[in-house]
Amino acid sequence: MTTTVATRLAEHLSRSDGQEDLCFLTWRPSTGATRTSAVIGEVIWPERGERLLHGNVSFTSGYFLRAAAHAAETGAGLALVHSHPKGRGWQDLSDDDHAAESGHAAQAVALTGLPLLGLTYAVGDQTYSARMWHRVAARRYAPQWAENVRCVGDRITVSWNNSLRPIPDLREQLTRTVSAWGPDLHASLTRLHVGIIGAGSVGALVAETLARTGVERITVLDFDAVEAVNLDRLLHATTRDVELARSKVETLARALRRSGTAGSPDITALELSVVEPDGLAHALDCDVLFSCVDRPWPRAVLNLAAYAHLIPVVDGGILIRSDGQRMRGAEWRAHMAAPGRACLECLGQYDPADVSLERTGQLDNPSYIAGLNRDHPLRHNENVFAFSMAAAANEALQLLTAVIAPNGIGDVGAHLHHFATGTLDRDEADCNPGCLYSGALLGSADSHGLVVTGRHSIAEASRLARRRAGRRLSRRIARRIDDMLWSSV
């Protein structure tokens with residue numbers, strides 16, 4: 001849910017008289033490759049006489065039917081949240097809680113077509129717990145517990161189900177890292193499933209930063225191969241990787257498995273673009289995404305993920321102005337797209353008109369690129385390792401700020417760094433008036449109705465070229481020897 005909704009719920013559910021309270025909500029499914037998330041939408045506030053407060057709390061059939069009817073009319077599912085005034089941490093269900101939710105699970109799915117979602121708010125430490133009610137037999141429903149509950153916006157707060165995602169061990173390798181912000185925040189930060197979209201110079205450095213910080217689950221998406229032209233700025237890549245036609249994600253993932261400080265780092269390497277259906281599905285499995293791409297189409301897809309699916313996206317970029325002989329200037333930027341913050345389109349990180357050009361292949365047409373204005377961003381591909389490090393560091397700091405919120409500050413705005421002058425610009429503006437992402441698309445999840453993915457001919461050609469190169473016997477033998485030597489070091 002958004003932090004705005006979470007704040008309003010907390011005000012309603014935290015009663016000064018110490019009694020429990022409740023209300024109904026709507027939710028929509030967000031479907032990834034391996035998980036489904038429930039995206040909370042509207043709060044359906046109780047009207048006079050629709051709930052009964054008697055220490056515990058109950059609701060009338062009229063309130064349930066009114067809320068279910070509204071959910072059905074809007075194409076959403078029904079959720080019920082109630083509070084435990086003295087609760088702390090992830091809450092189990094009492095007998096009364098179980099009876100109230102299971103007793104209405106069949107009606108909820110019959111009226112809305114989606115399962116009943118139950119949530120509990122522990123007032124003691126502001127922790128949410130959640131479960132989805134599924135039919136297990138005739139007239140019998142059982143809860144499927146969520147892994148976590150995420151509140152995103154001006155900061156990122158996560159309530160964890162420790163039975164499904166155990167608290168990580170405080171390993172010696174992480175002693176100084178944990179001492180910076182404490183074991184509780186470290187446990188929350190490192191259990192996030194982080195997706196890195198783009199394994200180029202910035203993406204590789206972001207991934208390395210997260211792996212050494214102890215993040216347990218990292219998924220990296222990139223369809224491209226390591227080339228000689230990458231070696232001046234691509235962390236972990238060597239001439240050997242070029243000779244063996246390795247993909248960027250393969251090269252990065254095997255290094256992260258070695259440098260990661262988590263007890264059992266789970267590193268997934270996918271030779272996909274996020275604009276392909278399978279690529280987006282895997283991105284939607286993540287809690288946070290890093291946009292380390294330089295094209296408009298993937299940025300547009302990630303912008304949708306940030307607002308429709310409520311998955312925060314940390315984005316950035318580098319722009320160098322040079323005539324090939326003399327540098328005139330360079331900038332790098334970092335910002336987070338999330339509810340209550342300016343989206344990537346409103347920040348000017350991509351032009352929506354260029355998205356359709358990329359989808360039709362025009363942005364890979366040399367004659368089209370040659371016809372663009374000389375200062376057009378799409379004509380600039382200069383980069384320097386030091387600038388990549390600066391951009392990657394600032395993107396990583398955007399995530400750390402949102403999760404740790406030092407001094408209660410989780411949103412420091414969009415940052416633009418100027419190399420030539422050594423100055424920093426901060427932008428705390430919201431989206432432009434009428435923005436679809438922060439408006440109609442916010443929280444729409446799977447029901448956004450847009451076709452944003454499709455075939456990516458460049459990605460397909462890149463994968464095909466590597467498969468063909470890998471069929472050569474000499475290269476297969478060389479790869480096997482190289483892998484054996486790598487694993488033995």
Side-chain angles (χ1 to χ4, degrees), residues 1 9 13 20-44 46-47 49-84 87 90-122 127-150 159-165 281 284-285 309 443-447:
M1 70 185 83
L9 283 177
L13 296 170
E20 293 185 3
D21 212 329
L22 58 75
C23 65
F24 285 101
L25 316 154
T26 64
W27 72 274
R28 298 178 187 275
S30 169
T31 308
T34 62
R35 80 173 187 188
T36 297
S37 298
V39 176
I40 300 296
E42 296 178 76
V43 181
I44 306 171
E47 296 177 354
E50 286 189 328
R51 72 196 194 284
L52 306 175
L53 299 171
H54 39 77
N56 293 338
V57 64
S58 58
F59 55 87
T60 65
S61 58
Y63 185 21
F64 169 78
L65 291 173
R66 178 172 70 85
H70 179 75
E73 289 170 4
T74 57
L78 185 65
L80 170 65
V81 59
H82 74 280
S83 60
H84 284 176
W90 195 272
Q91 301 290 290
D92 291 326
L93 287 169
S94 68
D95 291 342
D96 288 343
D97 296 339
H98 192 285
E101 292 186 11
S102 63
H104 290 81
Q107 292 174 294
V109 73
L111 293 170
T112 69
L114 290 169
L116 177 67
L117 174 67
L119 299 102
T120 307
Y121 179 65
T127 296
Y128 282 94
S129 52
R131 57 255 153 211
M132 195 81 73
W133 290 86
H134 295 286
R135 186 175 183 270
V136 294
R139 297 184 299 279
R140 184 163 161 258
Y141 285 74
Q144 179 185 12
W145 287 92
E147 180 183 271
N148 63 47
V149 178
R150 303 181 301 282
S159 303
W160 291 97
N161 183 342
N162 293 337
S163 64
L164 295 181
R165 291 295 299 171
L284 296 182
D285 286 340
H309 298 275
S444 57
D446 292 347
S447 62

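What you see is a predicted model; the values in this text were computed from it and never measured. For the numbers below, each heavy atom of this structure counts, side chains included, while hydrogens, waters and symmetry mates do not.
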Run the ring pair (Phe, Tyr, Trp, His ring centres under 6.0 Å) test against His70 and tell me which residues pass, sequence neighbours left out. none

Where at least one partner belongs to residues 23-35, residue pairs that pass salt bridge (Lys or Arg N to Asp or Glu O under 4.0 Å), sequence neighbours excluded: Arg35-Asp287

Can you sort out the partners of Trp160 under ring pair (Phe, Tyr, Trp, His ring centres under 6.0 Å), two or more places apart, ordered by chain and number? none

Give the intermediate values and the outcome of ring pair (Phe, Tyr, Trp, His ring centres under 6.0 Å) for residues Phe24 and His104. CA-CA 12 Å; Phe24 285 101; His104 290 81; 7.9 Å; no

Contacts of Leu52 that satisfy side chain to side chain contact (heavy atoms under 4.5 Å, CB included) - sequence neighbours left out: His54, Ser58

Nearest heavy atoms of Leu119 and Tyr128, plus distance in Å: CD2-CD2, 4.4 Å

According to salt bridge (Lys or Arg N to Asp or Glu O under 4.0 Å), does anything in residues 53-62 pair up with another residue at least two apart or in another chain? List the pairs. none

For Glu42, all residues meeting salt bridge (charged side-chain N to carboxylate O under 4.0 Å, His left out), sequence neighbours excluded: none

Residue pairs, two or more places apart or on separate chains, that pass salt bridge (Lys or Arg N to Asp or Glu O under 4.0 Å) and touch residues 55-69: Glu47-Arg66, Glu50-Arg66

Just to verify, what does Tyr141 make a ring pair (Phe, Tyr, Trp, His ring centres under 6.0 Å) with, not counting sequence neighbours? none

Asp285 meets the salt bridge (charged side-chain N to carboxylate O under 4.0 Å, His left out) criterion, sequence neighbours left out, with none

Apply side chain to side chain contact (heavy atoms under 4.5 Å, CB included) to His98 and list each qualifying residue two or more places apart in sequence or on a separate chain. Leu93, Ser102, Trp133, Pro143

Minimum heavy-atom separation for His309 and Ala445, please, with both atom names. CE1-C, 3.5 Å

Output all residues satisfying side chain to side chain contact (heavy atoms under 4.5 Å, CB included) with Arg140, sequence neighbours left out; order by chain, then residue number. Val136, Ala137

For His84, which residues count as a ring pair (Phe, Tyr, Trp, His ring centres under 6.0 Å) partner, sequence neighbours excluded? His82

